[in-house]
Amino acid sequence: MNLTIKNVPEEVYKALKREAAEQGRSLNAEAMLALSWKAEEIERHRKMRSSWGELERFVAGLPEAPSSVPLIRADRKRR
């Protein structure tokens, strides 16, 4: 795939260019790396949102736990 990015802010361009030079990569390779990291982050967030829904459904299906209040009160009376 080819991608054309227009109106890149100067500070973004300079930061990518500087990092590319420091790491011995081309500007294109540095931009690809940054885009890849962002795409991975997006996918992780998507999976996390999906997992939260699954977790909420799981928790909703659990039986209600008995209250621990009577146990705590009984323990306090023993002291």
Side-chain angles (χ1 to χ4, degrees):
M1 284 284 172
N2 288 319
L3 177 67
T4 300
I5 301 174
K6 297 179 181 180
N7 302 319
V8 176
E10 188 173 347
E11 62 274 7
V12 172
Y13 173 79
K14 285 181 178 180
L16 284 173
K17 186 93 168 157
R18 183 174 42 253
E19 185 67 13
E22 289 173 5
Q23 299 301 321
R25 290 190 282 262
S26 68
L27 179 58
N28 185 74
E30 192 64 32
M32 288 298 302
L33 183 61
L35 288 170
S36 296
W37 286 347
K38 184 61 180 177
E40 289 172 8
E41 180 184 346
I42 290 167
E43 187 60 21
R44 276 193 308 276
H45 284 236
R46 187 192 65 74
K47 287 180 181 178
M48 284 174 34
R49 283 191 303 273
S50 172
S51 295
W52 273 110
E54 291 174 24
L55 178 61
E56 288 172 348
R57 286 189 294 280
F58 173 76
V59 170
L62 291 175
E64 191 171 317
S67 174
S68 59
V69 172
L71 294 172
I72 294 169
R73 287 187 179 148
D75 185 54
R76 287 181 181 162
K77 287 180 182 178
R78 290 188 314 173
R79 293 180 187 177

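Quick note: numbers below take in every heavy atom, side chains included, and nothing from hydrogens, waters or symmetry partners. Nothing here was measured: the structure is a model prediction, and the numbers come from that model.
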Novice: Going by salt bridge (Lys or Arg N to Asp or Glu O under 4.0 Å), name the residues that satisfy it together with Glu40, two or more places apart in sequence or in a different chain.
Specialist: none
Novice: Name all residues meeting the salt bridge (Lys or Arg N to Asp or Glu O under 4.0 Å) criterion together with Glu10; count only those two or more places apart in sequence or in a different chain, and write none if there are none.
Specialist: Lys14
Novice: Under a single-linkage rule joining Ile, Leu, Val, Met, Phe, Trp and Tyr whose side-chain heavy atoms are separated by less than 4.5 Å, which residues share a cluster with Tyr13?
Specialist: Leu3, Ile5, Val8, Val12, Leu16, Leu27, Leu35
Novice: Taking Met32's backbone N and O only, do any of them form a donor-acceptor pair with Ser36's side chain (distance below 3.5 Å, no angle check)?
Specialist: yes
Novice: Taking Arg46 for the side chain and Ile42 for the main chain, is one N or O donor matched with an acceptor at less than 3.5 Å?
Specialist: no
Novice: For the CZ atom of Arg25 and the CD atom of Glu30, what is their distance to the nearest 0.5 Å?
Specialist: 4.5 Å
Novice: side-chain contact (heavy atoms from CB on, under 4.5 Å) between Glu41 and Arg44: does it pass, once the steps are laid out?
Specialist: CA-CA 5 Å; Glu41 180 184 346; Arg44 276 193 308 276; 3.6 Å; yes
Novice: Drop me the distance from Lys6's NZ to Thr4's OG1, to the nearest 0.5 angstrom.
Specialist: 7.0 Å
Novice: Might you point out which heavy atoms bring Ser26 and Ala20 nearest each other, and give the distance in Å?
Specialist: O-CB, 3.6 Å
